[in-house]
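Some notes on the structure that comes next.
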Amino acid sequence: MSVRLRRIYEPPEPDDGLRVLVDRLWPRGLAKDAAHVDRWAKPLTPSTELRRWYHAGEGGYEEFRRRYEAELGAPEAAALLDGLREAARGGPVTLLTASKAPDRSHAHVLLDLLRD
């Protein structure tokens, strides 16, 4: 299973496979046709409350991760996550995020869950 994480502002590469945007909001300054996004998985993003809590610096990454993984247990998110696992069995999947620190973001949590 091949899953990787990239910033959406990086140019697409031929080996990206299925390109999935995993951010709730469309990235600033990026035209939709230039992004080459195959799917936009908004339901896989953290709740507004959790996102605000984390970005306000009220908690660390590990606590954010724990809370976010709990949110991913909701039926719609769990089904989408299972669908991405299935897609990754058939070919490469690239998770896309606008985060400036992807390795400390929800996108990295998704990456870890899809690689397990």
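Note that the numbering runs from 1 along the sequence shown for the chain.
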According to a hydrophobic-cluster definition based on side-chain heavy atoms being under 4.5 Å apart (Ile, Leu, Val, Met, Phe, Trp, Tyr only), do Y9 and L111 belong together? no
What distance do R19 atom CZ and H36 atom NE2 have between them, rounded to the nearest 0.5 Å? 7.0 Å
Under a 4.5 Å cut-off applied to non-hydrogen side-chain atoms, are L72 and P46 in contact? no
L81 and L114: side chain to side chain contact (heavy atoms under 4.5 Å, CB included), yes or no, with the steps? CA-CA 8 Å; L81 201 54; L114 289 169; 3.8 Å; yes
Measure the spacing between CZ of R115 and CG of L5 and express it to the nearest 0.5 Å. 8.0 Å
For a side chain to side chain contact (heavy atoms under 4.5 Å, CB included) check, start with the C-alpha distance between H106 and R51, then their side-chain angles and the critical distance, and finish with the verdict. CA-CA 9 Å; H106 72 286; R51 186 175 42 80; over 6 Å; no
Are the charged groups of E86 and R89 less than 4.0 angstrom apart, N to O? yes
Taking C-beta and beyond as the side chain, do R52 and E58 meet within less than 4.5 Å on heavy atoms? no
Are V20 and W26 joined in one hydrophobic group, where the rule is that I, L, V, M, F, W and Y side chains link up if heavy atoms are under 4.5 Å apart? no
Do L110 and V37 sit in the same hydrophobic cluster, where Ile, Leu, Val, Met, Phe, Trp and Tyr count as joined when their side-chain heavy atoms come under 4.5 Å apart? no
Which pair of non-hydrogen atoms, one from A77 and one from P43, has the smallest distance, and what is that distance? CB-O, 3.7 Å
W40 versus V22: any side-chain heavy-atom pair under 4.5 Å? no
Can you run down the side chain to side chain donor-acceptor pair (under 3.5 Å) pairs that involve residues 66-83, sequence neighbours left out, and say none if there aren't any? S47-E71, E63-R66, E63-R67, R65-E69, D82-R85
Verdict with supporting geometry, V3 and L84, side chain to side chain contact (heavy atoms under 4.5 Å, CB included): CA-CA 9 Å; V3 183; L84 285 180; over 6 Å; no
Going by atom type alone, with no hydrogens or angles, which donor-acceptor pairs under 3.5 Å involve a side-chain atom of residues 90-97 and a protein atom two or more places apart or on another chain?
{"residue": "T94", "atom": "OG1", "partner": "R4", "partner atom": "NE", "Å": "3.4"}
{"residue": "T94", "atom": "OG1", "partner": "D16", "partner atom": "O", "Å": "2.7"}
{"residue": "T97", "atom": "OG1", "partner": "D23", "partner atom": "OD1", "Å": "2.8"}
{"residue": "T97", "atom": "OG1", "partner": "D23", "partner atom": "OD2", "Å": "3.3"}
{"residue": "T97", "atom": "OG1", "partner": "S99", "partner atom": "N", "Å": "3.1"}

For the pair Y61 and H108, evaluate side chain to side chain contact (heavy atoms under 4.5 Å, CB included) and give the outcome as yes or no after the intermediate values. CA-CA 11 Å; Y61 179 73; H108 198 271; 3.9 Å; yes
Strictly distance-based, threshold 3.5 Å: is any side-chain N or O of R24 a donor or acceptor partner for the main-chain N or O of T48? no
